[in-house]
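Note sheet for the following structure.
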Protein chains: 2
Amino acid sequence: MSRRPTLYDVAERAGVSKSLASLALQGSPKVAPSSRDAILAAADELGYRPNRTASSLVRQRTSTIGVHILDLHNPVFAEILDGVQERARQRGYSTLLVTGNADPSTERTEITGLLESRVEGLVLIAHRLSDADLEEFAREVPTVVVTWRTDGVPGLDSVSGDDEHGARLAVDHLAALGHERIVHVTGGDNRIARERRAGYEQGMAAHGLEPYVVDGSFTESGGYAGALTALDAGATALFVANDLAAIGALAALRDRGLRVPEDVALVGYDGMRLLESLDVTTVAQPLAEMGRVAADLLTDRIAQPGRESTYRRVETRVVARGSSGPRRGAARR
Amino acid sequence: MSRRPTLYDVAERAGVSKSLASLALQGSPKVAPSSRDAILAAADELGYRPNRTASSLVRQRTSTIGVHILDLHNPVFAEILDGVQERARQRGYSTLLVTGNADPSTERTEITGLLESRVEGLVLIAHRLSDADLEEFAREVPTVVVTWRTDGVPGLDSVSGDDEHGARLAVDHLAALGHERIVHVTGGDNRIARERRAGYEQGMAAHGLEPYVVDGSFTESGGYAGALTALDAGATALFVANDLAAIGALAALRDRGLRVPEDVALVGYDGMRLLESLDVTTVAQPLAEMGRVAADLLTDRIAQPGRESTYRRVETRVVARGSSGPRRGAARR
DNA sequence: ACGATTCGTTGGAACGTTCCAACACCCACG
DNA sequence: CGTGGGTGTTGGAACGTTCCAACGAATCGT
């Protein structure tokens with residue numbers, strides 16, 4: 001017989017009932033030491049593994065949370081995910097991860113799959129769901145959205161930095177360095193990109209500078225193309241909507257033979273680790289922390305479903321590096 | 001009642017038996033159109049979601065594969081994962097993702113958890129398991145190891161590039177550019193790092209050059225530190241054990257005020273996307289493809305468990321960029 | 001007109017657990 | 001010496017599906 005051993009097999013081999021075997025494997029103190037040893041030994045000899053699906057079914061809980069991640073390729077999301085996983089594990093949850101690859105309809109079906117798997121909660125590390133879908137999901141299961149504020153949906157919490165404020169900080173930083181021709185390369189037409197853009201515009205206005213905005217996207221190629229346009233417009237400083245795009249912008253600068261920061265300054269947004277090595281200034285968010293907060297909010301809400309909707313803001317700050325201001329390497333020498 | 005609706009609820013509302021409701025929801029052709037419509041309507045009105053745990057239990061299959069990823073932060077693994085997910089989804093499997101964070105013991109317990117969830121197969125995107133553990137897991141469930149060759153374990157397949165060969169290609173490339181003082185920054189003391197190092201040494205020997213090896217690791221900081229040592233040794237070209245470390249090396253070069261490639265040439269290993277923007281030469285592996293192959297091997301083996309152990313090698317090649325040879329940007333101008 | 005076939009439908013068993021109520025046993029207590 | 005309370009142990013029900021054998025009704029061929 002090559003069938004996987006079940007509790008019955010273990011119980012039989014140990015000469016006890018399935019119930020006692022179950023108790024013993026759960027570490028209950030009510031089982032006699034002698035039977036406990038016999039049961040554990042039998043389980044070991046048989047290579048027994050408890051069947052979580054059966055267990056979940058009867059217990060009415062899966063101890064699993066579902067995580068949707070917008071884009072696996074953006075290291076920023078990976079860093080958030082890492083925080084979610086860490087905290088979820090600590091709290092006794094496994095994670096079931098899916099991606100919609102930035103397509104709303106596969107996103108929908110993937111999350112539906114999570115619900116069918118009876119995840120106890122949902123963490124959406126960015127998403128492209130319609131409001132209706134989002135509300136539907138949040139109605140069924142505790143949900144937290146990471147990366148932007150979502151209010152007014154019952155059963156839903158959110159975590160993010162303040163994108164408008166962060167963008168203003170970036171402008172402040174560049175303006176303080178004496179830049180006037182600060183061009184913003186956008187992240188396309190989505191909520192976060194719009195907020196960052198708004199912050200940029202407010203910041204420019206506050207400094208009495210004329211805003212100049214060029215289209216981009218949240219990808220390397222978007223940053224590359226946007227940067228080229230910005231340079232043609234005579235930019236002396238680039239504020240790019242996210243770090244990935246900033247890396248693309250860096251390539252554009254290199255291809256144009258421009259030095260950073262001597263010819264053009266560069267600031268990104270997100271705070272992804274890699275930019276440290278690249279010595280690029282960025283508006284940093286505490287990514288892993290956002291993931292941890294998300295997991296905490298979620299597990300809290302699972303424990304207490306009625307709780308009112310909460311939003312947690314994490315701190316956003318400029319991490320100044322060599323791409324703006326004096327070069328770090330040069331300074332060190 | 002706020003209990004989630006079950007098949008019984010749907011059946012009752014539609015005025016049929018649970019069996020027929022089940023049939024209808026599975027899209028069986030044997031149910032009369034009129035009852036089918038009634039059942040579907042009832043399900044919709046109730047917001048019914050099939051319970052996958054119950055379904056898995058009785059069908060004796062979960063349609064889920066478990067994926068272990070060594071390190072979420074290395075975009076290389078994310079790219080492989082992407083391939084796995086894509087193909088798994090196509091073949092009708094969900095994925096359950098875990099990380100051991102490079103710690104063998106949490107790795108072990110995480111994978112044990114996957115087994116308890118009755119995943120039908122295991123994809124290990126790099127791992128630190130002992131041979132004994134690996135064999136134990138492979139005995140229980142079809143398994144494929146991505147990233148290095150693993151022979152002789154029944155029930156286990158593997159996919160990788162040829163690391164020794166790839167490293168030789170890197171040396172060939174640099175030697176062809178006229179470099180003689182090619183220093184290798186290692187990836188530490190692990191199997192892949194050793195293979196790449198061996199390939200480097202063979203390559204150097206083949207060109208009649210004297211090998212020079214400095215310790216590093218598969219991280220940015222390892223590459224940074226290793227590069228500094230290499231530069232002190234008078235390197236004119238750096239062959240760094242992986243791309244992440246190559247980014248660290250780039251930072252070291254920048255901090256030393258050295259130009260790439262005029263002063264020092266740089267070659268990485270893995271083929272991660274980001275390096276394209278950074279214009280760094282790398283020994284590229286088709287990462288997403290490796291993930292797809294892994295998923296294919298796995299689903300094949302699930303379908304046909306007796307199949308003999310197979311190894312699939314993917315092609316590895318040098319992608320020459322500006323960090324070795326004439327600068328791309330300059331050439332374009 | 002009657003058995004055979006098809007069509008649509010149904011109850012029941014099973015999947016592998018957990019948990020509850022109930023039980024047998026033993027010991028201590030009055 | 002009976003009673004009360006542990007202490008260990010047990011069978012059974014339940015979780016929400018799927019699937020099989022079996023069913024009644026309608027349709028078919030002869």
Does D157(B) pair with R301(B) as a salt bridge, N-O distance under 4.0 Å? yes
How many whole angstroms separate atom OH of Y8(B) from atom C1' of dT10(C)? 11 Å
Give the nucleotide from the list dG11(D), dG16(C), dT18(D) with an atom nearest to the side chain of S17(A). dG11(D)
Verify, without hydrogens or angle tests, whether S28(B) (side chain) and A24(B) (backbone) share a donor-acceptor contact under 3.5 angstrom. no
Is it true that E289(B) and R292(B) have a side-chain N and a carboxylate O under 4.0 angstrom from each other? yes
With a 3.5 Å cut-off and no angle check, do the side chains of T6(B) and Y48(B) form a donor-acceptor pair? no
Expressed as a whole number of angstroms, how long is the span from E116(A):CD to dT18(D):P? 10 Å
Can you pull every protein N or O that's under 3.5 Å from an N or O on nucleotides 19-26 of chain C?
residue	atom	partner	partner atom	Å
dC19(C)	N4	S19(A)	OG	3.3

Rounded to the nearest angstrom, tell me the gap between atom CG in N51(B) and atom C1' in dT17(C). 14 Å
Whole-Å distance separating the CG atom of L57(A) from the C1' atom of dT18(D): 13 Å
Tell me whether the count of non-hydrogen atoms from other residues, nucleotides or ligands lying under 6.0 Å of CZ in R13(A) goes above 12. yes
Rounding to a whole Å, what distance do you find between L25(B):CG and dG16(D):P? 15 Å
Taking atom C1' of dG16(C) as reference, at what distance in whole Å does atom CG of L46(A) sit? 15 Å
State the CD-OG1 distance between E120(A) and T62(A), to the nearest 0.5 angstrom. 4.0 Å
Report all interatomic pairs (protein N or O, nucleotide N or O of nucleotides 6-8 of chain D) with separations under 3.5 Å.
none

Hey, is R91(B) close enough to D296(B) for a salt bridge, meaning N to O under 4.0 Å? yes
In plain terms, say whether K18(B) and E12(B) are close enough for a salt bridge, that is, a side-chain N and a carboxylate O under 4.0 Å apart. no
End-to-end axis angle, where each axis spans five pairs of the helix from dA1(C)-dT30(D) to dG30(C)-dC1(D), to 10°: 50°
Within this structure, what is the CZ-to-P distance between R52(B) and dC15(D), rounded to whole angstrom? 22 Å
Under 4.0 Å between a side-chain nitrogen and a carboxylate oxygen: does that hold for R3(A) and D9(A)? yes
From the options dT17(D), dC15(D), dT17(C), select the nucleotide whose nearest atom is closest to the side chain of Q60(A). dC15(D)
Check: N101(B)/T99(B) side-chain N/O donor and acceptor closer than 3.5 Å: no
dA14(D) C1' sits how many Å from R61(A) CZ, rounded? 18 Å
Are any of the side-chain nitrogens in R52(A) or E116(B) under 4.0 Å away from the carboxylate oxygens of its partner? yes
